[in-house]
Asks: 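Handing you this structure, nothing more for now.
In this chain, residues are counted from 1 in sequence order.
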Amino acid sequence: MRKQLLAAAITASLVLAAPAQADEELNFDAYREMLADGNPAELYEMEGEELWRTARGPKNATLEQCDLGLGPGVVDGAAAQLPRYFEDTDKVQDLESRLVTCMETLQGIPAGEIVDGRFLQGERGKVAALVAYVVTHSKGKPIAVDVSHPKVKEMYDLGEKAFFYRTGVMDFSCASCHGEDGKRIRATHLPNITKGEGAAAGWGSWPAYRVSNSQFWTMQHRLWDCFRQQRTAEPVFGSDVTIALSVFMAGKGNGGEAVWPGVKR
C-alpha cells in the first residue's frame with residue numbers, strides 16, 4: 001500500500017508539472033526528460049530485490065540460485081542478453097518466463113498460478129517486481145542477444161512473421177504502428193522497429209513505469225496490451241508468440257543501449 005501511495009504521489013506531481021499547452025505545442029523531449037527524473041520504477045526494483053532474497057513458496061527457498069543465463073544468482077548484465085536458449089528447459093525464454101521457471105523449480109510456486117493469473121496481481125505481480133530488479137542491473141549496457149543458436153534463430157523468424165501478420169477486426173499488425181518512421185500517438189513517439197535504432201528504443205525501454213495509470217508494465221504486459229488494442233486474441237502469458245516477438249525486437253536492436261526500466265507517459 002505504501003508503494004502504491006508513493007507512486008501515486010510521484011505521478012500526481014509529474015502530471016501537475018507537465019506543460020499545459022496542447023499536444024502539438026508540447027516540447028516532447030523535455031517532457032520525457034522530466035518524467036524520467038525520479039522514476040517510480042525504483043519502488044518496484046526495491047520490492048523485487050527483497051523478493052529475490054526472501055525464502056518463499058512450498059520449498060521455502062530464495063531465488064539467489066536462479067540462473068538467468070550467466071550462472072546461478074548472476075543478475076549483472078543478464079537482462080541485456082535475454083531472450084536466450086536454456087538447456088534445462090530446452091526452450092528459448094525471456095526474462096519473465098525464466099523467472100517463472102526459477103520460481104517453480106527453486107521455490108515450488110506452480111507456474112500455472114502465474115500463467116493463469118492477472119497482470120499486477122498475485123504471483124504475476126511479484127514477477128513484475130523481480131523484472132524491475134533484474135533489468136536495473138543491465139541499465140546502460142548494450143543489448144546483446146545471441147541469435148546464432150538454431151532455436152533462437154527459429155524464434156526470431158517466427159517473431160518477424162508475427163510482427164507483420166495482420167489480424168483482428170481492424171486488420172492491424174505490429175507493423176501498422178511500428179513499421180514506419182515519424183509515427184506518434186499523442187505525446188508518444190512510436191519507434192520504427194524494422195530498423196535497428198527503433199528496435200533498440202522499443203525493446204530497451206520496456207519494462208517501464210506508466211505515469212498515466214501509475215503502473216509498472218513488463219514487456220509481456222506491453223505485448224498483451226498491443227494485441228488487445230489490435231482487437232484480436234490476447235496471447236497467453238509467456239507463450240511462444242510473445243517470446244518470438246521479443247527475440248525479434250531484441251535481435252533487431254542488438255548493440256543499442258538498454259535504458260531499463262523506462263518511464264512512459
Side-chain angles (χ1 to χ4, degrees), residues 48-49 51-53 56-59 61-117 123-124 126-139 141-162 199 203-204 206-207 218-224 235-255 258 260-261:
E49 182 175 10
L51 286 167
W52 183 265
R53 304 182 189 282
R56 296 196 316 118
K59 296 183 179 181
T62 72
L63 290 172
E64 292 172 300
Q65 292 302 305
C66 177
D67 187 352
L68 298 173
L70 301 181
V74 179
V75 295
D76 187 43
Q81 299 184 40
L82 288 167
R84 67 189 303 155
Y85 172 75
F86 289 89
E87 289 187 2
D88 59 349
T89 58
D90 192 29
K91 292 180 179 178
V92 178
Q93 294 182 290
D94 66 352
L95 176 55
E96 288 165 83
S97 58
R98 187 60 184 175
L99 285 169
V100 171
T101 293
C102 287
M103 292 168 73
E104 183 171 55
T105 58
L106 296 175
Q107 298 180 313
I109 298 170
E113 183 177 341
I114 301 169
V115 172
D116 297 334
E123 291 298 332
R124 196 186 289 188
K126 290 179 171 59
V127 170
L130 287 163
V131 165
Y133 167 63
V134 174
V135 299
T136 300
H137 289 270
S138 285
K139 185 178 180 67
K141 296 184 182 297
I143 301 168
V145 174
D146 183 4
V147 295
S148 64
H149 190 282
K151 290 201 173 184
V152 179
K153 180 62 167 61
E154 181 181 354
M155 292 296 271
Y156 180 96
D157 292 341
L158 175 61
E160 186 172 24
K161 291 178 181 178
W203 172 257
W206 290 93
T218 63
M219 180 56 80
Q220 283 282 332
H221 197 165
R222 174 68 271 175
L223 289 173
W224 174 88
V236 173
F237 181 87
S239 58
D240 282 351
V241 69
T242 61
I243 305 295
L245 283 167
S246 291
V247 171
F248 174 66
M249 288 188 288
K252 200 79 172 175
N254 265 340
W260 301 310

Asks: Is it the case that the side chain of Ser138 and the backbone of Ala80 share a donor-acceptor pair, with hydrogens and angles ignored and the cut-off at 3.5 Å?
Replies: yes
Asks: Applying side chain to side chain contact (heavy atoms under 4.5 Å, CB included) to Lys91 and Phe86, what does each step give before you reach the verdict?
Replies: CA-CA 6 Å; Lys91 292 180 179 178; Phe86 289 89; over 6 Å; no
Asks: If you round to the nearest 0.5 Å, how far is OG1 of Thr105 from NZ of Lys59?
Replies: 6.5 Å
Asks: Using the rule side chain to side chain contact (heavy atoms under 4.5 Å, CB included), only one of Glu104, Glu123, Glu96, Lys126 pairs with Ile114; which is it?
Replies: Glu123
Asks: Hey, what do you get for CZ (Arg98) to CG (Leu130), rounding to the nearest 0.5 Å?
Replies: 14.0 Å
Asks: Can you name the nearest heavy-atom pair linking Tyr85 to His149, along with the distance?
Replies: CD2-NE2, 3.3 Å
Asks: Ignoring hydrogens and geometry, is there a side-chain-to-backbone donor-acceptor pair from Gln220 to Gly238 under 3.5 Å?
Replies: yes
Asks: Of all heavy-atom pairs between Val241 and Ala162, which one has the smallest distance, and what is that distance?
Replies: CG2-CB, 4.0 Å
Asks: Can any side-chain N or O of Asn254 pair as donor or acceptor with the backbone N or O of Val145 at less than 3.5 Å?
Replies: yes
Asks: How close do Ser246 and Pro83 get, heavy atom to heavy atom, and via which atoms?
Replies: CB-CG, 3.9 Å
Asks: Please report the shortest heavy-atom distance between Leu68 and Ala78, naming the atom on each side.
Replies: CB-CB, 3.9 Å
Asks: Nearest heavy-atom pair of Pro207 and Val131: which atoms, and what distance?
Replies: CG-CG1, 3.6 Å
Asks: Is there a side chain to side chain contact (heavy atoms under 4.5 Å, CB included) between Thr218 and Val127 once you walk through the steps?
Replies: CA-CA 9 Å; Thr218 63; Val127 170; 5.9 Å; no
Asks: Between Thr242 and Phe237, does the side chain to side chain contact (heavy atoms under 4.5 Å, CB included) criterion hold? Intermediate values first, please.
Replies: CA-CA 8 Å; Thr242 61; Phe237 181 87; over 6 Å; no
Asks: Measuring only between side-chain heavy atoms, which start at C-beta, is Val236 closer than 4.5 Å to Val115?
Replies: yes
Asks: State the CG-OG distance between Leu223 and Ser239, to the nearest 0.5 angstrom.
Replies: 9.0 Å
Asks: Of all heavy-atom pairs between Leu70 and Val74, which one has the smallest distance, and what is that distance?
Replies: O-CG2, 3.6 Å
Asks: Measuring from Ser97:OG to Ile243:CD1, what's the distance to the nearest 0.5 Å?
Replies: 3.5 Å
Asks: Side chains of Met219 and Met249: does their closest heavy-atom pair fall under 4.5 Å?
Replies: yes
Asks: Can you check whether Cys66 reaches Leu106 side chain to side chain, under 4.5 Å on heavy atoms?
Replies: yes
Asks: Can you confirm whether Lys153 sits close enough to Val247 that some side-chain heavy atom of one is under 4.5 Å from a side-chain heavy atom of the other?
Replies: no
Asks: Let me confirm one number: the CD-CG distance from Glu160 to Asp157, rounded to the nearest 0.5 Å.
Replies: 6.5 Å
Asks: Do other residues, nucleotides or ligands put more than 12 heavy atoms under 6.0 Å from the NZ atom of Lys139?
Replies: yes
Asks: Is any side-chain N of the basic residue among Lys151 and Asp90 closer than 4.0 Å to the acidic one's carboxylate O?
Replies: yes
Asks: Less than 4.5 Å apart, any side-chain heavy atom of Leu63 and any of Leu51?
Replies: no
Asks: Before you tell me yes or no, could you show the steps for Tyr156 and Leu245 under side chain to side chain contact (heavy atoms under 4.5 Å, CB included), namely the whole-Å CA-CA distance, both residues' side-chain angles and the distance that decides it to 0.1 Å?
Replies: CA-CA 7 Å; Tyr156 180 96; Leu245 283 167; over 6 Å; no
Asks: Treating Trp260 as the side-chain partner and Trp206 as the backbone partner, does any N or O pair qualify as donor plus acceptor under 3.5 Å?
Replies: yes
Asks: Do Phe248 and Trp203 have side chains that get closer than 4.5 Å, going by heavy atoms?
Replies: no
Asks: Measure the shortest side-chain to side-chain distance between Asp76 and Lys141 over non-hydrogen atoms and say whether it is less than 4.5 angstrom.
Replies: yes
Asks: Atom CD in Gln93, atom CG in Leu82: separation rounded to 0.5 Å?
Replies: 9.0 Å
Asks: Counting C-beta onward and ignoring hydrogens, is there a side-chain heavy-atom pair between Gln81 and Asp146 closer than 4.5 Å?
Replies: no
Asks: If you measure from the Lys or Arg side-chain nitrogens to the Asp or Glu carboxylate oxygens, is any gap between Asp116 and Arg124 under 4.0 Å?
Replies: no
